[in-house]
Amino acid sequence: MQEQYRTVARAGVHETEINRSRFICALAPAATEQEAQDFVARVRGEHPTATHNCFAYVIGADAAVQRASDDGEPGGTAGVPMLQMLLRRDVRYVAAVVTRYYGGVKLGAGGLIRAYGGVVGEALDAVGTLTRQRFRLATVTVDHQRAGKLENDLRATGRAVRDVRYAEAVTIEVGLPGADVDAFRAWLADATAGTACLELGGEAYGDT
């Protein structure tokens with residue numbers, strides 16, 4: 001797994017006009033290829049009279065899934081520059097759709113490449129990105145008497161508390177950078193006088 005990746009902070013839309021053509025870029029986070037395809041279909045449904053609805057998406061922290069479509073524009077002038085912009089900005093788990101309403105002035109191949117890639121870059125700037133870091137999931141089980149202070153101490157030391165569940169004992173799920181596991185085990189033993197139980201789980205990504 002990649003140590004970290006960047007993705008869009010939220011869904012958003014950015015519009016620009018180039019030689020009387022409207023270029024509207026819609027961006028959205030997409031956890032799976034199906035989510036990306038559903039987003040593309042939804043945007044197309046919102047712009048049924050557009051001249052083109054071109055798309056590109058990148059799924060996977062390692063960019064394992066990459067797809068792009070020119071949707072009728074000359075080959076390689078729309079979807080590919082959109083995809084290249086996403087990759088150049090190192091964003092993952094993201095889908096982009098650029099809707100074009102033709103304004104009567106032909107842009108030529110170079111103009112189209114600059115327009116489609118450029119509006120995706122502008123949209124990324126407008127929407128913003130965030131970094132997600134790889135974490136090792138860990139579950140801490142502790143008695144009720146120590147739970148409140150332990151949770152506060154975890155948050156105070158900047159550790160990612162993901163979930164807290166109260167039952168006969170209290171379980172606190174935290175996300176740890178892989179290199180922090182041994183140090184955390186020692187810190188936890190010290191903080192709870194050795195009374196807490198630590199169970200390591202799988203890996204996931206979380207916001208930094």
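Along the sequence shown, the residues carry numbers beginning at 1.
Taking every heavy atom of both residues into account, Gly79 and Ala56 meet most closely at O-CB, 3.8 Å. Taking every heavy atom of both residues into account, Ala68 and Val80 meet most closely at CB-N, 4.1 Å. Shortest non-hydrogen contact noted between Ala11 and Pro29 is N-CD, 3.9 Å. Closest of all the heavy-atom pairs between Gly45 and Pro48 is O-CD, 3.4 Å. Annotation for Thr32 and Ile59: closest pair O-CD1, 3.7 Å, computed over non-hydrogen atoms.
Here salt bridge (charged side-chain N to carboxylate O under 4.0 Å, His left out) pairs that include residues 142-151, with residues two or more places apart or in two chains, are Asp143-Arg146, Lys149-Asp153, Glu151-Arg155. Residues in residues 48-87 take part in these ring pair (Phe, Tyr, Trp, His ring centres under 6.0 Å) pairs, two or more places apart or across chains: Phe55-Tyr57. Sorted by first and then second residue, the ring pair (Phe, Tyr, Trp, His ring centres under 6.0 Å) pairs involving residues 73-92 (not counting sequence neighbours) form an empty list. Among residue pairs with one or both ends in residues 43-64, those qualifying as salt bridge (charged side-chain N to carboxylate O under 4.0 Å, His left out) are Arg44-Asp71; sequence neighbours excluded.
Scanning for side-chain hydrogen bond (donor to acceptor under 3.5 Å, both in side chains) contacts around Asp125 gives Arg89, with sequence neighbours left out. Arg185 pairs by the side-chain hydrogen bond (donor to acceptor under 3.5 Å, both in side chains) definition with nothing, not counting sequence neighbours. In terms of the side-chain hydrogen bond (donor to acceptor under 3.5 Å, both in side chains) criterion, Thr77 has no residue partners (sequence neighbours excluded). In this structure Arg136 satisfies the side-chain hydrogen bond (donor to acceptor under 3.5 Å, both in side chains) test with no other residue, sequence neighbours excluded. Shown here are the salt bridge (Lys or Arg N to Asp or Glu O under 4.0 Å) partners of Lys106, two or more places apart in sequence or in another chain: there are none. Tyr5 is linked by a ring-ring contact (aromatic ring centres under 6.0 Å, His included) to Tyr93, Tyr205, counting only residues two or more places apart in sequence or in another chain.
Hydrophobic clustering, with ILVMFWY side chains joined whenever heavy atoms are under 4.5 angstrom apart, keeps Phe184 apart from Leu137. When the side chains of ILVMFWY residues are joined at heavy-atom separations under 4.5 Å, either directly or via intervening members, Trp187 and Val140 end up in a single hydrophobic cluster. One hydrophobic cluster holds both Val174 and Leu198 under the rule that ILVMFWY side chains link at heavy-atom gaps under 4.5 Å.
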Could you list the donor-acceptor pairs under 3.5 angstrom formed by side chains in residues 160-172, with sequence neighbours left out?
unit_1	atom_1	unit_2	atom_2	d
Asp163	OD2	Arg165	NH1	2.5

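Once rounded to the nearest 0.5 Å, the distance linking CG of Asp182 with CG of Leu176 reads 10.5 Å. Between atom CZ of residue Arg92 and atom CD of residue Gln66 there is a gap of 7.5 Å, rounded to the nearest 0.5 Å. Going from atom OG1 of Thr16 over to atom CZ of Arg22 covers 11.0 Å, rounded to the nearest 0.5 Å. If you take OG1 on Thr139 and CG on Leu200, they are separated by 8.5 Å, rounding to the nearest 0.5 Å. Interatomic distance, Asp90 CG to Gln4 CD, rounded to the nearest 0.5 Å: 10.0 Å. Rounding to the nearest 0.5 Å gives a distance of 10.5 Å between CD of Glu173 and CD of Glu199.
Between the side chain of Asp70 and the backbone N or O of Gly76, at least one donor-acceptor pair lies under 3.5 Å. The main-chain N or O of Arg6 is never found under 3.5 Å from a side-chain atom of Thr131 such that the two would form a donor-acceptor pair. Looking at Asn53, its side chain never comes within 3.5 Å of a backbone N or O of Thr99 through a donor-acceptor pair.
A side-chain donor-acceptor contact under 3.5 Å links Ser21 and Arg100.
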For this session: Begin from the C-alpha positions of Cys25 and Glu122 and carry the test side chain to side chain contact (heavy atoms under 4.5 Å, CB included) through to its verdict.
Result: CA-CA 9 Å; Cys25 180; Glu122 291 171 10; over 6 Å; no
Exercise. Step by step, would you call Arg67 with Glu33 a side chain to side chain contact (heavy atoms under 4.5 Å, CB included)?
Worked result: CA-CA 9 Å; Arg67 301 280 186 272; Glu33 185 168 16; 3.3 Å; yes
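Side-chain heavy-atom separations under 4.5 angstrom define the hydrophobic clusters, and the remaining members of the one that includes Leu87 are Val8, Ile18, Phe23, Leu27, Val58, Met82, Leu83, Met85, Leu86, Val91, Val94, Val98, Leu107, Leu112, Tyr116, Val119, Val120, Leu124, Val127.
Considering only heavy atoms from C-beta on, Asp180 stays 4.5 Å or farther from Phe135 through its side chain.
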